[in-house]
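A short worksheet on the structure shown next.
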Amino acid sequence: MSSSAVEGETPDLVCELDNVQGIVDALTSVRWKRHQDAVVELSEHGIVIIVEEISCLQAKVYLQRELFVRYEYGARGRPRFGVSLGLFVDCLKTFSVPGHSNILEIQYPGPDMQLLLKSIDSVDACLYAEVRTRIPETVSWDYNFEPAGSIPLSFTVKSAALKEAIDDLEWPGSSIQIILQPDPPSVTFRGEGHGDLQIDFNYYANSELLIAFSCDRQISHSYKYKFLRATTSNIPSSVIKDNRGSKLTIGRGGMLKVQHLVSVAKLSAPHNHVDSAGYQQPSRIAYIEFFVKPEVEDDTGSDS
(Lines give C-alpha, C1' and ligand atoms only; values in the text may rest on other atoms or scores of the structure.)
Protein backbone atom coordinates (compact mmCIF):
# COMPACT_ATOMS: atom_id res chain seq x y z
CA MET A 1 0.00 0.00 0.00
CA SER A 2 1.30 3.43 -0.85
CA SER A 3 2.47 5.58 2.06
CA SER A 4 1.25 8.73 0.38
CA ALA A 5 -2.18 10.27 0.56
CA VAL A 6 -4.80 9.63 -2.07
CA GLU A 7 -3.30 10.45 -5.46
CA GLY A 8 -4.00 13.98 -6.57
CA GLU A 9 -4.86 15.18 -3.06
CA THR A 10 -2.62 17.07 -0.68
CA PRO A 11 -2.42 15.55 2.83
CA ASP A 12 -3.95 17.56 5.63
CA LEU A 13 -0.66 17.30 7.50
CA VAL A 14 2.91 16.12 6.94
CA CYS A 15 5.28 16.75 9.82
CA GLU A 16 8.60 15.51 11.16
CA LEU A 17 9.63 15.08 14.77
CA ASP A 18 13.15 14.63 16.16
CA ASN A 19 12.24 13.56 19.73
CA VAL A 20 9.69 10.76 19.67
CA GLN A 21 10.29 9.89 23.32
CA GLY A 22 9.17 13.36 24.41
CA ILE A 23 5.81 12.82 22.70
CA VAL A 24 5.54 9.32 24.20
CA ASP A 25 6.11 10.83 27.68
CA ALA A 26 3.45 13.50 27.09
CA LEU A 27 0.82 11.04 25.86
CA THR A 28 1.64 8.50 28.58
CA SER A 29 0.84 11.21 31.14
CA VAL A 30 -2.81 11.25 30.02
CA ARG A 31 -3.22 7.48 29.65
CA TRP A 32 -5.04 6.66 32.88
CA LYS A 33 -6.64 3.37 31.83
CA ARG A 34 -5.87 0.45 29.55
CA HIS A 35 -8.49 1.00 26.86
CA GLN A 36 -8.86 4.68 26.10
CA ASP A 37 -9.96 6.61 23.06
CA ALA A 38 -8.55 9.96 22.04
CA VAL A 39 -9.58 12.71 19.66
CA VAL A 40 -6.82 14.29 17.59
CA GLU A 41 -7.37 17.81 16.28
CA LEU A 42 -5.08 19.28 13.62
CA SER A 43 -4.53 22.95 12.88
CA GLU A 44 -1.97 25.31 11.42
CA HIS A 45 -0.78 25.95 14.99
CA GLY A 46 -0.07 22.33 15.92
CA ILE A 47 -1.73 19.14 17.16
CA VAL A 48 -4.04 18.71 20.15
CA ILE A 49 -4.84 15.28 21.62
CA ILE A 50 -7.95 15.13 23.83
CA VAL A 51 -9.00 12.33 26.19
CA GLU A 52 -11.84 12.35 28.68
CA GLU A 53 -14.04 10.30 30.95
CA ILE A 54 -17.79 10.66 31.57
CA SER A 55 -17.69 14.47 31.50
CA CYS A 56 -15.83 14.60 34.82
CA LEU A 57 -12.23 14.47 33.70
CA GLN A 58 -10.61 15.78 30.53
CA ALA A 59 -6.98 16.03 29.46
CA LYS A 60 -5.38 17.84 26.54
CA VAL A 61 -1.87 17.49 25.17
CA TYR A 62 -0.74 20.49 23.11
CA LEU A 63 1.98 19.84 20.55
CA GLN A 64 2.79 23.23 19.06
CA ARG A 65 4.11 23.33 15.51
CA GLU A 66 7.46 24.65 16.83
CA LEU A 67 8.09 21.20 18.32
CA PHE A 68 8.43 19.77 14.82
CA VAL A 69 11.41 20.13 12.51
CA ARG A 70 8.95 20.17 9.61
CA TYR A 71 5.25 21.06 9.70
CA GLU A 72 3.33 21.32 6.44
CA TYR A 73 -0.36 21.96 6.97
CA GLY A 74 -2.64 21.78 3.94
CA ALA A 75 -6.13 21.38 5.38
CA ARG A 76 -8.98 23.82 5.56
CA GLY A 77 -10.44 24.21 9.00
CA ARG A 78 -9.41 21.82 11.77
CA PRO A 79 -9.70 18.12 10.89
CA ARG A 80 -10.53 15.82 13.80
CA PHE A 81 -10.31 12.06 14.06
CA GLY A 82 -10.51 9.39 16.75
CA VAL A 83 -7.76 6.93 17.59
CA SER A 84 -6.96 4.36 20.26
CA LEU A 85 -4.60 6.17 22.63
CA GLY A 86 -2.92 2.96 23.80
CA LEU A 87 -2.33 1.77 20.25
CA PHE A 88 -0.96 5.16 19.22
CA VAL A 89 1.44 5.34 22.20
CA ASP A 90 2.64 1.75 21.73
CA CYS A 91 3.20 2.43 18.04
CA LEU A 92 5.23 5.58 18.77
CA LYS A 93 7.40 3.62 21.20
CA THR A 94 8.67 1.44 18.34
CA PHE A 95 10.13 4.57 16.74
CA SER A 96 11.92 5.69 19.91
CA VAL A 97 15.40 4.18 20.24
CA PRO A 98 17.32 5.22 23.39
CA GLY A 99 20.54 7.04 22.56
CA HIS A 100 19.67 7.26 18.87
CA SER A 101 18.74 10.45 17.06
CA ASN A 102 15.66 9.32 15.16
CA ILE A 103 13.34 11.39 12.98
CA LEU A 104 9.72 10.36 12.59
CA GLU A 105 7.48 11.50 9.74
CA ILE A 106 3.76 11.71 10.49
CA GLN A 107 1.19 12.05 7.73
CA TYR A 108 -2.59 12.29 7.73
CA PRO A 109 -4.65 11.07 6.02
CA GLY A 110 -3.43 7.96 4.20
CA PRO A 111 -5.37 6.26 1.36
CA ASP A 112 -7.85 4.76 3.86
CA MET A 113 -7.84 7.69 6.30
CA GLN A 114 -5.04 6.15 8.35
CA LEU A 115 -2.43 7.97 10.36
CA LEU A 116 0.90 7.11 8.69
CA LEU A 117 4.18 6.91 10.61
CA LYS A 118 7.60 6.41 9.02
CA SER A 119 11.22 6.69 10.15
CA ILE A 120 13.24 8.68 7.64
CA ASP A 121 16.74 9.08 9.09
CA SER A 122 18.27 5.66 8.54
CA VAL A 123 19.84 4.39 5.32
CA ASP A 124 19.89 0.79 6.62
CA ALA A 125 16.24 0.29 7.57
CA CYS A 126 12.87 2.03 7.56
CA LEU A 127 10.14 1.55 10.11
CA TYR A 128 6.63 2.11 8.81
CA ALA A 129 3.25 1.90 10.55
CA GLU A 130 -0.38 2.65 9.88
CA VAL A 131 -2.75 3.54 12.70
CA ARG A 132 -6.44 3.10 11.99
CA THR A 133 -8.55 6.18 12.71
CA ARG A 134 -12.28 6.66 13.07
CA ILE A 135 -14.88 9.38 13.17
CA PRO A 136 -15.19 10.66 16.77
CA GLU A 137 -18.40 9.31 18.30
CA THR A 138 -19.01 12.27 20.57
CA VAL A 139 -18.17 15.93 20.74
CA SER A 140 -15.60 16.64 23.43
CA TRP A 141 -16.94 17.97 26.70
CA ASP A 142 -16.90 21.77 26.86
CA TYR A 143 -14.98 22.39 30.09
CA ASN A 144 -15.60 26.17 29.90
CA PHE A 145 -12.84 27.08 32.34
CA GLU A 146 -13.25 30.63 33.65
CA PRO A 147 -11.32 32.52 36.37
CA ALA A 148 -12.95 32.50 39.79
CA GLY A 149 -12.26 36.19 40.32
CA SER A 150 -9.99 39.10 39.47
CA ILE A 151 -7.08 37.44 41.32
CA PRO A 152 -6.23 33.89 40.17
CA LEU A 153 -6.67 31.08 42.68
CA SER A 154 -3.59 29.08 41.79
CA PHE A 155 -0.40 27.52 43.05
CA THR A 156 2.63 25.83 41.50
CA VAL A 157 4.26 22.84 43.20
CA LYS A 158 7.08 20.51 42.21
CA SER A 159 5.60 17.71 40.12
CA ALA A 160 7.23 15.00 42.23
CA ALA A 161 5.84 16.50 45.44
CA LEU A 162 2.35 16.80 43.97
CA LYS A 163 2.34 13.18 42.80
CA GLU A 164 3.62 11.96 46.16
CA ALA A 165 0.99 13.94 48.07
CA ILE A 166 -1.89 12.62 45.98
CA ASP A 167 -0.58 9.04 46.19
CA ASP A 168 -0.37 9.33 49.98
CA LEU A 169 -4.00 10.49 50.21
CA GLU A 170 -5.41 7.33 48.67
CA TRP A 171 -8.74 6.23 50.10
CA PRO A 172 -10.66 4.03 47.63
CA GLY A 173 -13.88 5.73 46.57
CA SER A 174 -13.15 8.81 48.63
CA SER A 175 -12.94 12.51 47.93
CA ILE A 176 -10.00 14.85 48.29
CA GLN A 177 -10.60 18.36 49.57
CA ILE A 178 -8.28 21.12 48.34
CA ILE A 179 -8.20 24.24 50.51
CA LEU A 180 -6.45 27.49 49.61
CA GLN A 181 -6.11 30.27 52.18
CA PRO A 182 -4.21 33.56 51.97
CA ASP A 183 -3.31 33.97 55.66
CA PRO A 184 -1.10 32.17 56.27
CA PRO A 185 -0.56 31.46 52.55
CA SER A 186 -0.98 27.70 52.25
CA VAL A 187 -2.53 24.82 50.35
CA THR A 188 -4.10 21.85 52.13
CA PHE A 189 -4.98 18.45 50.64
CA ARG A 190 -7.36 16.54 52.93
CA GLY A 191 -8.57 12.99 52.41
CA GLU A 192 -11.28 11.15 54.30
CA GLY A 193 -11.70 7.40 54.59
CA HIS A 194 -11.26 5.14 57.61
CA GLY A 195 -9.54 8.17 59.09
CA ASP A 196 -8.44 11.63 58.08
CA LEU A 197 -5.17 12.43 56.34
CA GLN A 198 -4.01 15.97 55.66
CA ILE A 199 -1.01 17.30 53.75
CA ASP A 200 -0.09 20.97 54.02
CA PHE A 201 2.06 23.06 51.70
CA ASN A 202 3.03 26.31 53.41
CA TYR A 203 4.16 28.91 50.89
CA TYR A 204 6.96 30.52 52.88
CA ALA A 205 8.14 27.50 54.88
CA ASN A 206 8.28 25.14 51.90
CA SER A 207 9.16 27.53 49.13
CA GLU A 208 11.34 24.86 47.47
CA LEU A 209 8.18 22.78 46.97
CA LEU A 210 5.43 25.39 46.68
CA ILE A 211 7.01 27.53 43.97
CA ALA A 212 4.24 30.08 43.43
CA PHE A 213 0.98 30.98 45.18
CA SER A 214 -1.91 33.34 44.35
CA CYS A 215 -5.01 33.58 46.53
CA ASP A 216 -7.02 36.47 47.99
CA ARG A 217 -9.61 34.50 49.99
CA GLN A 218 -10.12 31.06 51.49
CA ILE A 219 -11.75 28.61 49.16
CA SER A 220 -12.42 24.88 49.31
CA HIS A 221 -13.62 22.27 46.83
CA SER A 222 -13.69 18.47 46.81
CA TYR A 223 -12.77 16.16 43.95
CA LYS A 224 -13.22 12.45 43.37
CA TYR A 225 -9.94 10.78 44.29
CA LYS A 226 -9.70 8.60 41.19
CA PHE A 227 -10.02 11.64 38.92
CA LEU A 228 -7.53 13.73 40.90
CA ARG A 229 -5.08 10.84 40.94
CA ALA A 230 -5.33 10.49 37.15
CA THR A 231 -3.77 13.95 36.79
CA THR A 232 -0.42 12.70 38.16
CA SER A 233 -0.41 8.88 38.39
CA ASN A 234 0.92 8.21 34.88
CA ILE A 235 3.55 10.91 34.57
CA PRO A 236 6.73 9.04 33.50
CA SER A 237 9.60 8.95 35.97
CA SER A 238 11.79 10.74 33.43
CA VAL A 239 9.41 13.72 33.59
CA ILE A 240 9.31 13.63 37.39
CA LYS A 241 13.13 13.64 37.51
CA ASP A 242 13.09 16.74 35.31
CA ASN A 243 11.71 18.40 38.47
CA ARG A 244 9.47 20.88 36.72
CA GLY A 245 6.59 22.55 38.47
CA SER A 246 2.93 21.65 38.03
CA LYS A 247 0.41 24.48 38.21
CA LEU A 248 -3.05 24.01 39.72
CA THR A 249 -5.77 26.63 39.24
CA ILE A 250 -9.30 26.65 40.66
CA GLY A 251 -11.78 28.31 38.34
CA ARG A 252 -15.40 29.36 38.55
CA GLY A 253 -17.62 26.69 40.08
CA GLY A 254 -14.62 24.83 41.47
CA MET A 255 -13.32 23.57 38.14
CA LEU A 256 -9.74 22.41 38.70
CA LYS A 257 -7.08 22.84 36.03
CA VAL A 258 -3.79 20.97 36.42
CA GLN A 259 -0.97 21.89 34.04
CA HIS A 260 2.26 19.96 33.42
CA LEU A 261 5.22 20.64 31.13
CA VAL A 262 7.08 17.88 29.29
CA SER A 263 10.40 18.47 27.55
CA VAL A 264 10.52 17.53 23.87
CA ALA A 265 14.04 18.85 23.35
CA LYS A 266 16.47 16.84 21.28
CA LEU A 267 19.06 15.89 23.87
CA SER A 268 21.33 13.57 21.88
CA ALA A 269 22.86 16.36 19.80
CA PRO A 270 22.96 20.17 19.65
CA HIS A 271 19.80 21.63 18.23
CA ASN A 272 18.94 25.07 17.00
CA HIS A 273 16.11 25.25 19.54
CA VAL A 274 18.61 25.05 22.44
CA ASP A 275 20.88 28.02 23.00
CA SER A 276 24.59 27.95 23.83
CA ALA A 277 23.91 27.92 27.57
CA GLY A 278 21.75 24.83 27.23
CA TYR A 279 18.43 26.50 28.03
CA GLN A 280 15.42 25.21 26.11
CA GLN A 281 13.16 27.66 24.40
CA PRO A 282 9.46 27.41 25.30
CA SER A 283 8.75 25.97 21.84
CA ARG A 284 10.46 22.72 22.89
CA ILE A 285 7.90 22.02 25.61
CA ALA A 286 4.68 19.98 25.30
CA TYR A 287 1.86 21.39 27.40
CA ILE A 288 -0.55 19.09 29.23
CA GLU A 289 -3.78 20.27 30.85
CA PHE A 290 -6.22 18.28 32.97
CA PHE A 291 -9.68 19.58 33.84
CA VAL A 292 -11.45 18.02 36.84
CA LYS A 293 -15.01 18.86 37.83
CA PRO A 294 -15.64 19.22 41.58
CA GLU A 295 -17.54 16.39 43.22
CA VAL A 296 -19.56 18.66 45.50
CA GLU A 297 -20.02 22.39 45.77
CA ASP A 298 -18.65 23.90 48.95
CA ASP A 299 -20.02 26.95 50.68
CA THR A 300 -16.56 27.88 51.92
CA GLY A 301 -15.43 30.68 49.64
CA SER A 302 -17.44 32.30 46.90
CA ASP A 303 -16.76 32.28 43.18
CA SER A 304 -19.18 35.08 42.49
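With rounding to the nearest 0.5 Å, the separation of NE2 in His45 from CD in Gln64 is 10.5 Å. If you take CG on Leu104 and CG on Asp18, they are separated by 10.5 Å, rounding to the nearest 0.5 Å. A distance of 9.0 Å separates OG1 in Thr28 from CD1 in Ile288, rounded to the nearest 0.5 Å. Atom-to-atom distance recorded for Thr249:OG1 and Glu289:CD is 9.0 Å, nearest 0.5 angstrom. A distance of 11.5 Å separates CD1 of Ile106 from CZ of Arg70, quoted to the nearest 0.5 Å. The line from CG of Leu63 to CG of Leu17 is 8.0 Å long, rounded to the nearest 0.5 Å.
Looking at Ser119, its side chain does come within 3.5 Å of a backbone N or O of Leu127 through a donor-acceptor pair. In this structure, Ser96 contributes its side chain and Val20 its backbone to no donor-acceptor pair below 3.5 Å. Side chain of Arg252 to backbone of Phe145: no donor-acceptor contact under 3.5 angstrom is found.
A salt bridge links Glu41 with Arg78: at least one charged nitrogen is closer than 4.0 Å to a carboxylate oxygen. A salt bridge is defined here as a Lys NZ or Arg NE, NH1 or NH2 lying under 4.0 Å from an Asp or Glu carboxylate O, and Arg284 with Glu66 fails to meet this definition. Ion pairing of Asp37 with Arg134 is present here, as a side-chain N (NZ or NE/NH1/NH2) and a carboxylate O approach within less than 4.0 Å.
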N/O donor-acceptor pairs under 3.5 Å from side chains in residues 232-240, not counting sequence neighbours:
{"residue": "Ser233", "atom": "OG", "partner": "Arg229", "partner atom": "O", "Å": "3.2"}
{"residue": "Asn234", "atom": "ND2", "partner": "Arg31", "partner atom": "O", "Å": "3.1"}
{"residue": "Ser238", "atom": "OG", "partner": "Asp25", "partner atom": "OD2", "Å": "3.3"}

Check: residues 179-190 side-chain donor-acceptor pairs under 3.5 Å, at least two apart:
{"residue": "Gln181", "atom": "NE2", "partner": "Ser186", "partner atom": "OG", "Å": "3.3"}
{"residue": "Ser186", "atom": "OG", "partner": "Pro184", "partner atom": "O", "Å": "3.3"}
{"residue": "Thr188", "atom": "OG1", "partner": "Asp200", "partner atom": "OD1", "Å": "2.7"}
{"residue": "Arg190", "atom": "NE", "partner": "Gln198", "partner atom": "OE1", "Å": "2.9"}
{"residue": "Arg190", "atom": "NH1", "partner": "Gln177", "partner atom": "OE1", "Å": "3.4"}
{"residue": "Arg190", "atom": "NH2", "partner": "Gln198", "partner atom": "OE1", "Å": "2.9"}

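In the hydrophobic clustering of ILVMFWY residues, with side-chain heavy atoms under 4.5 Å counting as a link, Val14 and Ile103 come out apart. Linking Ile, Leu, Val, Met, Phe, Trp and Tyr residues whenever their side-chain heavy atoms come within less than 4.5 Å places Met113 and Leu85 in a single cluster. The same ILVMFWY cluster, assembled from side-chain heavy atoms under 4.5 Å apart, contains both Ile178 and Ile219.
The shortest side-chain heavy-atom distance between Val51 and Trp32 falls under the 4.5 Å cut-off. At least one side-chain heavy atom of Cys215 sits under 4.5 Å from a side-chain heavy atom of Phe213. Put simply, the side chain of Leu42 reaches to within 4.5 Å of the side chain of Phe81, judged on heavy atoms. Thr156 is not listed as a side-chain neighbour of Leu210, based on a closest heavy-atom distance of 4.5 Å or more. Here the side chains of Leu169 and Ile199 are in contact, with some heavy-atom distance below 4.5 Å. Put simply, the side chain of Val61 reaches to within 4.5 Å of the side chain of Leu27, judged on heavy atoms. Leu248 has its side chain within reach of Leu162: a pair of non-hydrogen atoms, C-beta onward, lies under 4.5 Å apart. You'll find the side chain of Leu57 reaches within 4.5 Å of the side chain of Phe290, heavy atoms only.
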Run the side chain to side chain contact (heavy atoms under 4.5 Å, CB included) check on Leu117 and Cys91 step by step: do they pass?
-> CA-CA 9 Å; Leu117 309 176; Cys91 186; 3.4 Å; yes
Worked check of side chain to side chain contact (heavy atoms under 4.5 Å, CB included) between Leu87 and Val131 | CA-CA 8 Å; Leu87 177 62; Val131 180; 4.3 Å; yes
Hey, mind stepping through Glu53 and Gln58 against side chain to side chain contact (heavy atoms under 4.5 Å, CB included) and telling me if it holds?
-> CA-CA 6 Å; Glu53 184 167 328; Gln58 184 184 83; over 6 Å; no
Please assess Lys118 against Cys126 for the test side chain to side chain contact (heavy atoms under 4.5 Å, CB included), listing each intermediate value before the final yes or no.
-> CA-CA 7 Å; Lys118 181 173 66 174; Cys126 177; 3.5 Å; yes
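Taking all atoms of both residues into account, the shortest heavy-atom contact from Ser263 to Ile285 is CA-CD1, 3.9 Å. Here the closest heavy-atom approach between residue Met255 and residue Tyr223 is recorded as C-OH, 4.4 Å. Minimum heavy-atom separation, Cys56 to Phe227: CB-CE1, 3.5 Å. Smallest separation of non-hydrogen atoms from Ala148 and Leu153: CB-CD1, 3.7 Å. When all heavy atoms of Tyr225 and Ile166 are compared, the closest pair comes out as OH-O, 3.0 Å. Annotation for Gln114 and Thr133: closest pair C-CG2, 4.3 Å, computed over non-hydrogen atoms.
Taking the six-membered ring where tryptophan is involved, the planes of Phe68 and Tyr71 are tilted, since the angle between them lies from 30° to 60°.
Annotation: Arg132, atom CZ; neighbour count of heavy atoms from other residues, nucleotides and ligands within 6.0 Å does not exceed 12. More than 12 heavy atoms of other residues, nucleotides or ligands shown are found within 6.0 angstrom of NZ on Lys158.
The distance between the ring centers of Phe155 and Phe201 does not fall below 6.0 angstrom.
Inspection of the Ser246 and Ser159 side chains reveals an N or O donor paired with an N or O acceptor under 3.5 Å.
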